[in-house]
Amino acid sequence: MTPDKALLMIATVARLLEGKGHVAVGASSPIPAAGALLAARLAGGSMRVSILGSERHTSFTDGGRELFDCAAQGRINAFFFSGVQIDAEAAINLLGLSPSGVAEGSPVMGKRFIGNFGAPYLASLVPDLILFRTDHNPKTLVEKVDFVTAPGRDGRWLLTDRCLMRRENGRFRLVSLHPGETPGELVAATGFHFDMPDEPKITPFPGDETCELVRGAVAEEIGAIYPRFASQFLTPG
Amino acid sequence: MSPSPSPHGAEALAARIDDGALIALAPDYSGCALAVVRELIRRGARGLRLVGCPQLGLQAELLVAGGCVEEVETAAFGLGELGRAPAFDRALRSGGIRIREATCPAIHAGLQAAEKGVTFLPLAGVIGSDLISFRPDWKVQDDPFSGRPVLLVPAIRPDITLFHAPLADEDGNVWIGIRRELMLMAHAARRTLASVETRRGGSLLTDEALAAGTLPALYVERVETIEGGASPGALFGRYPADGEWIAAYAEAARSGGADLTKFLDRWLAEP
């Protein structure tokens with residue numbers, strides 16, 4: 001990841017969120033959080049953003065459960081997930097790699113990551129999901145996930161450091177390639193089959209004004225939640 | 001200095017937590033009683049079972065590093081931006097610890113069931129996740145009203161809820177502000193122990209503005225004043241986490257062995 005790539009992904013997230021009423025962002029999601037804050041600024045007050053871990057950007061006053069209750073009631077329009085793996089079905093795996101069974105009620109994973117968080121629940125209750133990965137390669141984008149944290153469905157976006165895809169009719173289809181990527185490289189870097197248009201579009205790089213907004217007001221707000229990310233990727237320059 | 005006849009502060013709270021207890025712990029962004037955690041490690045507590053409400057972070061990682069933990073139930077276990085929790089990862093790989101994998105709302109629902117005094121609650125979503133196959137204690141049944149399958153999760157009734165908060169009053173009411181997961185945890189647990197930054201006179205319950213964010217003493221067994229009681233973690237609205245300390249811990253924990261022991265010993269030796 002480079003600062004330019006982070007900018008491109010943040011601006012793309014903001015584009016995908018246009019017109020959403022309430023966008024929520026979970027843990028460990030600096031790019032979605034920045035994209036949502038940018039989208040809210042561009043929407044001029046018609047979008048609400050709730051970021052887990054932020055004291056300023058929250059709509060919740062009833063503890064950790066409220067986000068989940070809100071989702072089950074349909075009060076959250078869009079949410080984000082990354083994952084150890086994302087597959088051809090748009091299923092996600094947040095838990096780990098190579099499960100080999102269950103011991104005393106515990107899954108035995110060859111390699112375990114942080115955990116499933118709220119994904120098994122939110123993925124089926126929030127209508128618009130944006131899946132994101134900052135390292136698009138055949139190990140992260142696989143034919144079939146090792147563990148289904150949440151099953152896939154149509155309408156999901158997949159945003160990576162190489163491209164934007166959307167799942168329709170049971171398959172991912174390339175929406176746009178990021179600048180500098182080629183169709184051949186993308187196919188080689190993706191562990192599942194997807195549909196490619198004859199002449200793929202290029203993901204538009206944000207204009208100067210948007211870049212300034214991200215490096216200025218958005219970076220300041222993100223710095224309060226993700227200080228390391230903000231200083232590494234969003235410093236003016 | 002001669003030892004005081006009855007323990008106070010962190011020692012007094014830790015003394016009320018038995019080995020083997022099921023303890024509800026808050027996430028890092030809420031109120032974590034790190035001073036009491038340190039006391040549990042000093043004491044050599046063993047066999048603790050932790051419930052992340054809904055996830056576990058620094059305090060649980062330190063308890064695992066100190067050899068105090070036998071089992072965890074949690075939706076996630078990590079050190080925020082620093083990623084995976086090294087001591088927990090190592091203990092899991094070596095079989096020194098068991099994990100009951102969960103998802104945030106299932107833990108909230110389990111605590112809510114305990115809060116209501118019922119044995120389970122139904123929960124939307126989750127069906128279709130492999131997680132269900134890892135939880136033989138969760139049931140999928142037909143909803144008697146809609147006829148569709150629904151997940152039922154059993155009540156979670158912790159022996160102890162332990163947290164740190166900014167303020168309590170002389171009656172033992174504890175102000176938690178909007179960190180209402182602490183309220184839920186206290187309602188669900190048999191006993192609640194809290195450390196606070198400061199105590200004030202009078203009753204928080206007679207102040208309309210503060211009463212809404214106050215956990216009544218009814219639920220609280222004991223409150224101890226420990227200034228900086230969440231440090232080196234953060235306390236909401238009061239102070240940030242000591243990022244350098246946590247990064248240094250993570251480095252020592254990743255190398256493990258003597259490095260980790262040395263780091264922990266130095267921390268435990270601090271007053």
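By convention in this document, chain letters (A, B, ...) are assigned in the order of the sequence lines, proteins followed by strands, and residues within each chain are numbered from 1. Worth knowing before you read on, the calculation uses all heavy atoms, side chains too, and leaves out hydrogens, waters and symmetry mates.
Separating the CG atom in B:Leu92 from the NZ atom in A:Lys111 is a distance of 13.5 Å, to the nearest 0.5 Å. One finds the OH atom of A:Tyr121 at 5.5 Å from the CG atom of B:Leu123 (value rounded to the nearest 0.5 Å). Atom-to-atom distance recorded for A:Met109:CE and B:Phe134:CZ is 6.0 Å, nearest 0.5 angstrom.
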Practice task
Output, in order, the C-alpha distance, side-chain angles, deciding distance and verdict of ring pair (Phe, Tyr, Trp, His ring centres under 6.0 Å) for B:Phe77 and A:Phe113.
Solution key: CA-CA 8 Å; B:Phe77 200 132; A:Phe113 291 81; over 10 Å; no

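Between B:His108 and A:Phe68, the ring planes are tilted. Angles from 30° to 60° get that label.
Interface remark: of the candidates B:Glu81, B:Met183, B:Arg93, B:Glu181, B:Glu81 forms the most heavy-atom pairs closer than 4.5 Å to chain A. Among the candidates A:Gly115, A:Pro30, A:Gly63, A:Ala119, the residue making the largest number of heavy-atom pairs closer than 4.5 Å to chain B is A:Gly63. In terms of non-hydrogen atom pairs under 4.5 Å with chain A, the most contact-rich of B:Gly237, B:Gly177, B:Pro105 is B:Pro105. Taking A:Ala150, A:Gly110, A:Pro227 one by one and counting their heavy-atom pairs under 4.5 Å with chain B, the maximum is reached by A:Pro227. The greatest number of non-hydrogen atom pairs below 4.5 Å with chain A, out of B:Thr74, B:Asp28, B:Asp130, is found for B:Asp130.
Closest approach of B:Glu101 and A:Asn116 over heavy atoms only: OE1-ND2, 4.4 Å. The shortest heavy-atom contact between A:Pro151 and B:Ser129 is CD-N, 4.2 Å. Of all heavy-atom pairs spanning B:Val126 and A:Ser124, the tightest one is N-OG, 3.8 Å.
If you measure heavy-atom distances from B:Ala234 to chain A, you find no contacts under 4.5 Å at all. Of the atoms belonging to A:Phe229, heavy atoms from both backbone and side chain fall under 4.5 Å from chain B. Both the backbone and the side chain of B:Leu131 come within contact range of chain A, with heavy atoms under 4.5 Å apart. Contacts between A:Thr61 and chain B at a heavy-atom distance below 4.5 Å involve backbone atoms as well as side-chain atoms. A:Ile114 touches chain B through backbone and side chain together, each having a heavy atom under 4.5 Å away. In this structure, the portion of B:Ala102 lying under 4.5 Å from any heavy atom of chain A is its backbone and not its side chain.
A:Gln73 CD: more than 12 foreign heavy atoms inside a 6.0 Å radius. Annotation for B:Arg90: atom CZ counts as buried by contact number, over 12 foreign heavy atoms lying within 6.0 Å. In A:Glu220, the CD atom is not crowded: 12 or fewer heavy atoms of neighbouring residues, nucleotides or ligands sit closer than 6.0 Å. Atom CZ of B:Arg46 has more than 12 neighbouring heavy atoms from other residues, nucleotides or ligands inside a 6.0 Å radius. In A:Arg153, the CZ atom is crowded: over 12 heavy atoms of neighbouring residues, nucleotides or ligands sit closer than 6.0 Å. Shown here is A:Glu168, whose CD atom has more than 12 heavy atoms of other residues, nucleotides or ligands within 6.0 Å.
Side-chain contact between B:Leu184 and A:Arg65 is present, with heavy atoms from C-beta onward closer than 4.5 Å.
Counting only distance, with no hydrogens or angles, the side chain of B:Thr103 and the backbone of A:Phe117 share a donor-acceptor pair below 3.5 Å.
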